[in-house]
Protein chains: 2
Amino acid sequence: MKLNQFKARIYKEGLKSTRQREEILNTFLNLSGHKSLSQIFSQVVKADPKIGYTTVYRTLRLLTRLGLATQRKFADGETRYEPTSEGTHHDHLICLDCGKIIEFEDQTIEALQRGIAQRHRFKIFHHRMELYGQCETCRRKKRIAHR
Amino acid sequence: MKLNQFKARIYKEGLKSTRQREEILNTFLNLSGHKSLSQIFSQVVKADPKIGYTTVYRTLRLLTRLGLATQRKFADGETRYEPTSEGTHHDHLICLDCGKIIEFEDQTIEALQRGIAQRHRFKIFHHRMELYGQCETCRRKKRIAHR
DNA sequence: TCATTTTTGAAATTGAATTTCAATTTCATT
DNA sequence: AATGAAATTGAAATTCAATTTCAAAAATGA
Ligand SMILES: [Mn+2]
Ligand SMILES: [Mn+2]
Ligand SMILES: [Zn+2]
Ligand SMILES: [Zn+2]
């Protein structure tokens with residue numbers, strides 16, 4: 001149960017535990033995936049119509065600060081959030097037709113990236129790698145539509 | 001001289017060659033690097049104070065469409081443009097302190113990316129890879145400042 | 001309960017990106 | 001050189017997500 005971790009962190013930071021924050025965290029974790037603020041908001045509102053957009057916005061930033069959420073900015077511009085995956089970093093394959101997002105890890109690439117940084121005497125803090133294209137499902141649909 | 005290529009392309013598309021477009025292309029090419037619209041605009045204005053921001057905006061999009069400019073959206077959010085580099089694709093190392101941008105190519109990584117896509121039955125159209133960190137110059141400055 | 005501090009949510013603001021539209025310019029054709 | 005259709009320009013307006021403001025409400029702990 002992440003809720004207790006959250007409450008503990010909140011307390012440690014001198015912040016307050018509220019009904020809204022708990023509801024938002026809960027909804028966010030159940031939602032999974034890579035969701036935009038408005039997607040998260042409309043889900044939160046279903047559970048409690050009194051919760052405001054601003055509160056969802058602020059809570060997602062808080063979760064990001066606490067390490068429970070990870071912020072992503074893919075090429076479409078809208079900021080997305082995903083529950084932080086334990087320990088591992090991953091990158092993304094994104095379908096430009098249907099928006100499907102597949103996660104992947106590649107240690108060989110990560111090692112090569114470190115090599116590149118070293119060669120240019122950079123100290124890397126984080127990186128971003130996204131592959132944009134078309135998933136198999138969408139490719140099939142297009143083929144059929146083309147006849 | 002890219003200007004003639006540009007005029008030829010403009011003509012082929014049924015568009016018109018104007019003083020503004022020529023000035024913007026010229027300034028953009030001389031500027032080099034990865035420049036934001038406002039950076040390009042303020043340079044263009046030096047050459048001709050009558051040219052409007054909107055025209056610079058539209059011309060950079062036109063250049064992008066024609067393949068003469070490449071649009072980049074790094075993590076800072078502001079859209080940047082760079083003259084399209086012939087033939088080769090490249091990725092970027094970015095210093096979070098001074099904004100310095102270093103370009104690199106790595107065929108091994110590119111091949112691994114193709115492998116990942118294939119394994120997930122994706123057809124890739126383009127990708128983006130950026131390594132964010134601190135350049136050597138900035139690291140040295142920080143060290144000195146820390147005493 | 002009381003006092004202090006934080007949080008909430010509606011509304012306002014920001015800032016880059018984009019669109020609108022009337023005036024101007026281009027350019028092929030006289 | 002003059003004409004006129006089509007494209008372009010630039011100032012202003014609009015959009016839209018992100019962020020800030022601020023007064024009212026809620027949480028915490030003495
Ligand atoms: Mn992910
Ligand atoms: Mn570049
Ligand atoms: Zn798809
Ligand atoms: Zn630097």
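Every chain is numbered from 1, with letters handed out A, B, ... down the list of sequences. Remember, it's a predicted structure, so these values are computed and weren't measured experimentally.
- Residue whose closest nucleotide on DNA chain C sits further toward the 5' end, between B:S17 and B:T54: B:T54.
- A nucleotide of DNA chain C counts as in contact with chain B when one of its atoms lies under 4.0 Å from a heavy atom; the first and last such, 5' to 3', are C:dA17 to C:dA28.
- Comparing B:Y53 and B:Y11 against DNA chain C, the residue whose closest nucleotide sits nearer the 5' end is B:Y53.
- Side-chain contact check for B:S17 and B:E22: at least one donor-acceptor pair (N or O, by modelled atom type) lies under 3.5 Å.
- Projected onto DNA chain D by closest heavy-atom contact, A:R19 and B:L62 fall at different nucleotides, the more 5' of which corresponds to B:L62.
- With rounding to the nearest 0.5 angstrom, the CD atom of B:E136 is 6.0 Å from the CZ atom of B:R139.
- Counting only residues at least two apart or on different chains, the ring-ring contact (aromatic ring centres under 6.0 Å, His included) pairs with a member in residues 1-39 of chain A are A:H34-A:H92.
- Judged by distance alone, the side chains of B:Q113 and B:H127 do bring a donor and an acceptor atom under 3.5 Å apart.
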- Task: Show your working on salt bridge (Lys or Arg N to Asp or Glu O under 4.0 Å) between A:D97 and A:K141 and close with a plain yes or no.
- Result: CA-CA 10 Å; A:D97 282 4; A:K141 275 182 193 163; over 6 Å; no
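- Among the heavy atoms of the strands lying under 4.0 Å from B:T79 are primed sugar atoms or P, OP1, OP2 only; no base atom is included.
- Distance B:L15 CG to D:dA5 C1': 15 Å, rounded to the nearest Å.
- Between the side chains of B:T59 and B:Q20, no donor-acceptor pair of N or O atoms lies under 3.5 Å.
- Residue A:I10 contributes atom CD1, which lies 13 Å from atom C1' of D:dT28 at whole-angstrom precision.
- Computed from coordinates, the A:K16 NZ to D:dA25 P distance equals 16 Å when rounded to whole Å.
- Counting to the nearest Å, the P atom of D:dA27 and the NZ atom of A:K7 are 11 Å from each other.
- Note: NZ (A:K50) to C1' (D:dA26) measures 13 Å, nearest angstrom.
- Residue A:R58 is classed as a base contact, given a heavy-atom separation below 4.0 Å to a base.
- Side chains of B:H126 and B:H89: a donor-acceptor N/O pair is absent below 3.5 angstrom, by distance only.
- Here B:Q20 reaches the OP1 or OP2 of D:dG10: one of its side-chain N or O atoms lies under 4.0 Å away.
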